[in-house]
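Worksheet: the structure to be examined is printed underneath.
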Amino acid sequence: MKTHLLSLTQLSKGLRAKEYSSVELVRGFLDRIDAHQPTLNAMVTILREPALAAAQAADRDLAAGRGGPLTGLPIVHKDLFCTEGVLTTCGSHMLDNFVSPYDATVVAKLKSAGAITLAKSNMDEFAMGSSNETSYFGPVRNPWNTDLVPGGSSGGSAAAVAARLTPAATATDTGGSIRQPAALCGVTGVKPTYGRVSRYGMIAFASSLDQGGVIAGTAADAALILREMSGFDPNDSTSVDMPVPDYVASLDAPLAGLKIGLLKEFFDKGLDAENEKRIREALAVYERLGATLQEVSLPNLPLSVPAYYVVAPAECSSNLARFDGVRFGHRAKDPRDLMDLYKRSRGEGFGAEVKRRIMTGTYVLSAGYYDAYYLKAQKVRQLIAADFKRAFSEVDVLMGPTTPTAAFPIGAKTSDPITMYLNDIYTIGANLAGLPAMSIPCGFSAGLPVGLQIVGPHFSEGKLLNAAHVFQRETDWHTKIPERFA
Amino acid sequence: MALTREQIENIAHLARLALQPAELAVYQQSLSSIFDFVGELDKADTASVAPMAHPLPGQTQRLRPDVVTETDHREINQRNAPQVAAGLYLVPKVIE
């Protein structure tokens, strides 16, 4: 039986019906991870022995009728989530020897729900990138065409799910890092509302934007994982103390009467014509399901990328100040004095893009420039949030493309940072306003997956997953797998 | 906005980053273009707009009782340290 082709929901049933054991399941996925690691480079660390030991324990629990909702099911964690006793590199030379002394809340919650960690996935260094090319451990390759990027920064997680090396993977999204790689790899990705999922133990990039989420094969699988990883955490000061709805129970609600707003600013000249066709076709499916479409305009949205490239680097320069070569992380050899220790440890430990963002952030926060850049950007951010609020007084959800184009060749956009930054032009708005958003596969452009983005008001994850699931009942784009991984 | 090489050196110093001469040239060019790009923000009229303090409206900083809740993790934390002795983190001599 090709268990790798089954969804998490199906695997959960199969485990409980004893069609296969957790050990068989986990070994099958580990073998696939090993077999495709040389081609895809989707992982940084593969946890074969601990995963098999956990699977044995899960089989004992299942036999005894014990265990949680995810008992015996495999998962992969983005290498930005701290995992106790396991290397946690964040894709950086700075942390290439860092063994986390504790579990991130997300890791602990999924562990206690019974999930088994197969591996830690590759990513752009410190989650700064849209192509997975900034990783110290080399680029991840797109399973649909290995000359192309998988997107980033959660490129390892997205590629792994697309190649069915795992049924699901955790990921994080600061400016599109879940949705953009999910779109380019043809899988389902959810970025929850800011504060819905704990950031404790997520290595920080931009704290007012970072949010953990999930990449999976289907919306139903994403709902299953998100239900377990969400919730209040006293260890995260911006975690929101609100009950977590049952995202699985609401998946099948009918969509008749759903008011969908089409973001005028997303259907602009930058959008590839073939991609636009796929998006329009997906919208027609929603119309057939009884939803209504209306165009809405968010006039300040075009300023989201410039606002982001002030706010995110500012917060990054502050967060990454902790890497000083003293308590953990890379330390330069034979420092002359303390200043030399700091400067060379950081100069050697960080890659080119991370240094660029630290310097951008340092400049916008420096004396005399704070008002002109940081304060201005936080005001523009408020305008963008107000635009979304106005839109959600007219419609239930917003839809549009996740990315302007399908996946691009490795190396194509590395020379000009602005070109790379513009990959996230459709995704950044949701981060600036703290909104939940997701990407689902909606067809192909020249053989490459296209993603439909769905954005909702704060804490509307249940509605987004419902809209995505009903679409996936009507279409089969989410079941398409690159031939060599089938 | 064109940044000078001296400005880049100063930013790198403030950020505590040792850069190679070749890197300085690259960052001089790319940071200049980034600041041209973010200059678009000037187009927005924000005269009567308050800066965003939190992505969720109405959220304030949560406080907890001021009591000790953590135990001592020094030994396990120091396993990641580049250089320790007798439970202390070692750095180059700071005071002559």
Side-chain angles (χ1 to χ4, degrees), chain A residues 97-99 101 193-195 208-209 234 237-238 240 300 303 306-307 309-310 317 321 324-329 331 335-344 346-348 350 352 355-356 358-360 362-363 366 373 375-383 385 416-418 421 432-434 458, chain B residues 3 7-8 10-20 23 26-27 29-31 33-57 59-64 69 73-84 89-94:
Chain A
N97 62 358
F98 180 74
V99 176
T193 308
Y194 182 76
S208 78
L209 304 162
S237 68
T238 58
V240 176
N300 293 294
L303 291 174
Y309 278 96
V310 172
S317 73
D324 56 6
V326 174
R327 292 154 302 148
F328 47 79
R331 171 182 280 205
R336 286 191 308 278
D337 51 30
L338 195 57
M339 183 61 91
D340 183 52
L341 169 75
Y342 292 151
K343 285 188 172 180
R344 281 199 296 120
R346 291 166 60 79
E348 294 166 8
F350 293 132
K355 285 189 267 194
R356 180 166 14 253
I358 291 174
M359 292 208 296
T360 306
T362 301
Y363 185 72
S366 62
Y373 289 108
L375 208 63
K376 180 79 185 180
Q378 290 287 50
K379 288 177 179 178
V380 170
R381 197 174 166 187
Q382 195 80 284
L383 291 175
D416 176 18
I418 307 279
Y421 295 172
L432 292 174
H458 293 128
Chain B
L3 292 164
Q7 281 176 300
I8 297 294
N10 184 44
I11 296 168
H13 169 68
L14 292 172
R16 301 294 185 263
L17 288 168
L19 298 182
Q20 304 302 319
E23 289 180 285
V26 169
Y27 289 128
Q29 198 269 324
S30 64
L31 263 65
S33 65
I34 288 169
F35 288 114
D36 280 338
F37 177 69
V38 303
E40 278 192 44
L41 293 174
D42 291 337
K43 288 183 191 163
D45 178 8
T46 54
S48 57
V49 181
M52 181 181 273
H54 195 293
L56 300 179
Q59 291 285 322
T60 48
Q61 184 66 52
R62 198 175 60 241
L63 300 174
R64 65 168 179 82
T69 55
H73 301 298
R74 183 171 67 179
E75 195 190 330
I76 188 166
N77 287 343
Q78 288 197 335
R79 285 184 206 159
N80 279 304
Q83 216 184 347
V84 290
Y89 294 92
L90 297 190
V91 294
K93 195 169 171 184
V94 184

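In what follows, chains are A, B, ... by sequence order, proteins preceding strands, each numbered from 1.
For B:Q7, the part lying near chain A is the side chain, with the backbone staying farther off; criterion is any non-hydrogen pair under 4.5 Å. With a 4.5 Å cut-off on non-hydrogen atoms, A:A433 touches chain B through its backbone but not through its side chain. No part of A:S317 comes within reach of chain B, as not one of its non-hydrogen atoms sits under 4.5 angstrom from that chain. The part of B:H54 that comes within reach of chain A is its side chain, from C-beta onward, which places non-hydrogen atoms under 4.5 angstrom from that chain. Within the 4.5 angstrom heavy-atom criterion, only backbone atoms of B:D45 (N, CA, C, O) approach chain A. Proximity to chain B (any heavy atom under 4.5 Å) is shown, for A:L209, by neither the backbone nor the side chain. Interface remark: A:L303 contributes backbone and side-chain atoms alike to the contact with chain B (heavy atom separation under 4.5 Å). The contact between B:F37 and chain A is made by backbone and side chain atoms together, counting heavy-atom distances below 4.5 Å. Of the atoms belonging to A:L375, heavy atoms from both backbone and side chain fall under 4.5 Å from chain B. Contact of B:E23 with chain A is made through the side chain alone, with heavy-atom distances under 4.5 Å. The parts of B:E40 that come within reach of chain A are both its backbone and its side chain, each placing non-hydrogen atoms under 4.5 angstrom from that chain. Within the 4.5 angstrom heavy-atom criterion, atoms from both the backbone and the side chain of B:L14 approach chain A. Using a 4.5 Å cut-off between heavy atoms, A:A321 makes no contact with chain B at all.
Minimum heavy-atom separation, B:I11 to A:M359: CG2-O, 3.4 Å. Listed here is the closest heavy atom pair of B:P55 and A:H458: O-NE2, 3.7 Å. The two residues B:P92 and A:P335 have their closest heavy-atom pair at CG-CG, 3.7 Å. B:Y27 and A:A352 get closest at one heavy-atom pair: OH-O, 2.6 Å. Between A:V99 and B:N80, the shortest heavy-atom contact is O-ND2, 2.7 Å. When all heavy atoms are compared, the tightest approach of A:R356 to B:S30 is NH1-OG, 2.9 Å.
Note that CE of B:M52 is 7.5 Å distant from CD of A:Q378, once rounded to the nearest 0.5 Å. The OH atom of A:Y363 sits 5.0 Å away from the CG atom of B:L3 when rounded to the nearest 0.5 Å. Atom CG in B:L41 sits 10.5 Å away from atom CG in A:N300 (nearest 0.5 Å). Remark: B:L31 CG to A:T360 OG1 distance equals 4.0 Å, nearest 0.5 Å. How far CZ of B:R16 is from OG1 of A:T362: 10.0 Å, rounded to the nearest 0.5 Å.
Between chain A and the options B:I8, B:I34, B:T60, the largest number of non-hydrogen pairs under 4.5 Å is found for B:I34. Between chain B and the options A:V326, A:D337, A:L338, the largest number of non-hydrogen pairs under 4.5 Å is found for A:V326. Heavy-atom pairs under 4.5 Å with chain B peak, among A:S208, A:G347, A:S237, A:P101, at A:S237. Ranked by heavy-atom pairs under 4.5 Å with chain A, the first of B:Q83, B:R79, B:K93 is B:Q83. When the candidates A:R336, A:M339, A:E348 are compared by the number of heavy-atom contacts under 4.5 Å with chain B, A:M339 comes out ahead. The candidate from A:S366, A:A385, A:A307, A:G195 with the greatest count of non-hydrogen atom pairs under 4.5 Å with chain B is A:A307.
A:K376 places a side-chain N or O within donor-acceptor distance of the main-chain N or O of B:A44, the cut-off being under 3.5 Å.
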List the steps, then state whether side chain to side chain contact (heavy atoms under 4.5 Å, CB included) holds for A:T238 with B:L56.
-> CA-CA 9 Å; A:T238 58; B:L56 300 179; over 6 Å; no
